[in-house]
2 protein chains.
Amino acid sequence: MTVRVAINGYGTIGKRVADAVSLQDDMRVAGIVKTSPSFELDLAQQRKFPIYANTKENMALLQQKGISVQGTTEDLLDQADIVIDGTPSKIGKENKEKLYIPRKIKAILQGGEKAPTVECSFNASNNYQQSYGKNYVRVVSCNTTGLSRSLGAIKKALGITSARVTLIRRAADPFDDETGPINAIAPDPITIPSHHGPDVKTIIPDLDIVTMAVIVPTTLMHLHTLNIQLPKTTTAQEIQDLFAKTPRILVVESDKRISSTASIMEMARDLCRPRGDLQELAVWDKSISVVNGNELFFTQAVHQESIVVPDNIDCIRAMMQLTDDPLTSMKKTDQSLGLKKWW
Amino acid sequence: MTVRVAINGYGTIGKRVADAVSLQDDMRVAGIVKTSPSFELDLAQQRKFPIYANTKENMALLQQKGISVQGTTEDLLDQADIVIDGTPSKIGKENKEKLYIPRKIKAILQGGEKAPTVECSFNASNNYQQSYGKNYVRVVSCNTTGLSRSLGAIKKALGITSARVTLIRRAADPFDDETGPINAIAPDPITIPSHHGPDVKTIIPDLDIVTMAVIVPTTLMHLHTLNIQLPKTTTAQEIQDLFAKTPRILVVESDKRISSTASIMEMARDLCRPRGDLQELAVWDKSISVVNGNELFFTQAVHQESIVVPDNIDCIRAMMQLTDDPLTSMKKTDQSLGLKKWW
């Protein structure tokens, strides 16, 4: 069975997931939906993705601009088995009610949607099987995905008594020429905890986690400082070895001139992955520290534009029941995308 | 007795301390030392501060530029009771050995110098009396001053079991047109803990504190996220009331459009203090949160250019034995500088 995947919303996530789907042998891009002309749409046409518009009016508009349009969103959904909703926050929920439920098509929403909108939240490393055969699932946000990968690995190996995290968030994506701040540190939210802790609990329910978050003037990556109380003693080396063998976590070496999010992303560009993306969570080797035997500290960085892409692919496999084994799906995904080898 | 204060190094700290000294009735600026022409030196001359050069060569250079120079550093030191060393990091230590000890002049170094260089480290809110009559003292750095103010107040009121802090540091001061990064988050240091925790212990010795630090592309203020385990239960209101009555801590109201370090500094500019400085530590009211009864969280911001200025004034009083009562000195300082009223 080749799963037919519709991509509704061809933005930061949608365009990346479309490329990733087209690299799989068990799924294909049935089509993408875009509302208005853009260089991205021109490139989608070059990639030979079937193009659909969200309305008949926009269909005419795109056709005027020389885009070959196959129909509207509804037409695409009728020819797909599952839809990746990459529309802006809260539109995903609307689309589920108005478009997906009436057509009985499975849908994957993104982290901008609230957890109760869907049957369950998804992170391949932690709870793949919960989404097996489900109809409406949310792949959690970039920050929650990053936290779930590292905290999930530690919890499985050692347990976690409590996790206290500060998220230092990039203010805008690199393409964004409107959003600020350009010279400020903004607590966001000012209240504590931030929503990230509860969001991680949608993936790892029995976790004592409190998160604080600020926004800073940079576009490249989010950075997290973590302070974790463990129920047993460990060493920095043990944690580094654990991360080294964990899928989708890259231990980066500060001694090799990886001194900031800028140098991590320069390394990602030199890896020559599409768009210079880094789908793995990056953990600085020398940041991993243990105090008093059972208190762990480390610093990690999240490429907000791409970290959820492999999880979207795995989520398709879980919901479409292509395999019930998370590692089988993750290996297939990571091989096709050229990610870190862990198998 | 009017204490004669020499200012060696008229940069970010030196120029501010000179202005603050000139507002006191028990001390005066004996002179300032500058190495090269600058707009700041022109303004110092307008302020009628006696001007000295660090060498005879630079004395001639400054005179050529129309500056009236009284002599060299050595000449100034011979006419002063105490010197504020505001030179760049590590030069202070050299100056102590080469200039101050031979002339038996008391000296206050800044936070860029290491603790063992001096007899003790100083923060007015915590350990004023330790520096009473001392000859060589270091006023701790801006970050350490900020942490000492809030942690010291909490420790005195409730005790502290442990403090875990992430420092999100401004990359450069506003005047600085060379230093980066301009688009990255850089762990600095990558290793954990950062030096800030041990530095706070030079002020509050029996404190269990671990700090993590990153640098971000902004110039206005440092920001700290704090997670504190207390030996007893408390409430957010109790902590807010404590800060409200504590000298040199300003509880800022997020509901009054204080949403970031940018809006805090805009408020400081509207207060019309010299240079738009904010010498108090700022704590966001709505950030103060208590989890499980005895785990405290809050977010604070530090104006790196000015927070240590009042402490430098108090340090002069302690070392010159003008008063052995910290609150008497702090009240005098804060009244003269127009800081928050707490007396």
Side-chain angles (χ1 to χ4, degrees), chain A residues 162 164-171 174 180-193 208 210-227 236 252 254-255 258-265 284-292 295-299 301, chain B residues 162 164-171 174 180-193 208 210-227 236 252 254-255 258-265 284-292 295-299 301:
Chain A
S162 68
R164 301 294 178 255
V165 183
T166 294
L167 293 90
I168 302 156
R169 297 161 56 198
R170 66 87 184 89
I182 62 168
N183 188 15
I185 308 172
D188 186 56
I190 284 175
T191 51
I192 296 165
D208 175 351
V210 178
T211 52
M212 312 171 77
V214 302
I215 290 177
V216 300
T218 181
T219 63
L220 301 176
M221 303 183 92
H222 302 296
L223 184 145
H224 305 160
T225 62
L226 295 97
N227 171 216
V252 296
S254 48
D255 283 350
I258 301 189
S259 54
S260 71
T261 54
S263 40
I264 290 180
M265 291 314 292
W284 271 279
D285 57 353
K286 288 232 174 346
S287 75
I288 304 170
S289 307
V290 175
V291 173
N292 302 326
E295 186 175 354
L296 171 66
F297 295 83
F298 61 93
T299 302
Chain B
S162 69
R164 301 293 179 257
V165 183
T166 294
L167 293 89
I168 302 156
R169 297 162 57 198
R170 66 86 184 89
I182 61 168
N183 188 14
I185 308 173
D188 186 58
I190 284 175
T191 51
I192 296 163
D208 174 351
V210 178
T211 51
M212 313 171 77
V214 302
I215 290 178
V216 300
T218 180
T219 64
L220 301 176
M221 305 183 90
H222 301 296
L223 183 145
H224 304 161
T225 61
L226 295 97
N227 171 218
V252 297
S254 49
D255 283 351
I258 301 188
S259 54
S260 71
T261 55
S263 40
I264 290 179
M265 292 314 293
W284 271 278
D285 57 354
K286 288 232 175 347
S287 75
I288 305 169
S289 307
V290 176
V291 173
N292 301 326
E295 187 175 355
L296 171 65
F297 295 82
F298 60 93
T299 302

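Hydrogens, waters and symmetry mates play no part in the numbers below; they use all other heavy atoms, side chains included. Keep in mind it's a predicted model, so treat the numbers as computed, not measured. Convention: sequence-line order gives letters A, B, ...; per-chain numbering from 1.
- Only the backbone of B:Met221 comes within less than 4.5 Å of a heavy atom in chain A; its side chain stays farther off.
- Here the CH2 atom belonging to A:Trp284 is positioned 13.0 Å from the OG1 atom belonging to B:Thr191, to the nearest 0.5 angstrom.
- Using a 4.5 Å cut-off between heavy atoms, B:Ile258 contacts chain A through its backbone alone, with no side-chain atom that close.
- Proximity to chain A (any heavy atom under 4.5 Å) is restricted, for B:Ile182, to the backbone atoms N, CA, C and O.
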Trace of the side-chain contact (heavy atoms from CB on, under 4.5 Å) decision for A:Thr218 with B:Val216: CA-CA 8 Å; A:Thr218 181; B:Val216 300; over 6 Å; no
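- With values rounded to the nearest 0.5 angstrom, B:Asn183 atom CG is found 11.5 Å from A:Arg170 atom CZ.
- Atoms OG1 and NE2, from A:Thr166 and B:His224 in turn, are 11.5 Å apart once rounded to the nearest 0.5 Å.
- In this structure, chain A has a heavy atom under 4.5 Å from the backbone of B:Leu226, while its side chain stays farther away.
- Rounded to the nearest 0.5 angstrom, A:Ser259 OG and B:Ile190 CD1 are separated by 6.0 Å.
- Between A:Met212 atom CE and B:Asn227 atom CG the span is 7.0 Å, to the nearest 0.5 Å.
- With a 4.5 angstrom heavy-atom cutoff, B:Pro181 does not touch chain A via any of its atoms.
- The structure places CZ of A:Arg164 at 12.5 Å from OG1 of B:Thr225, a figure rounded to the nearest 0.5 Å.
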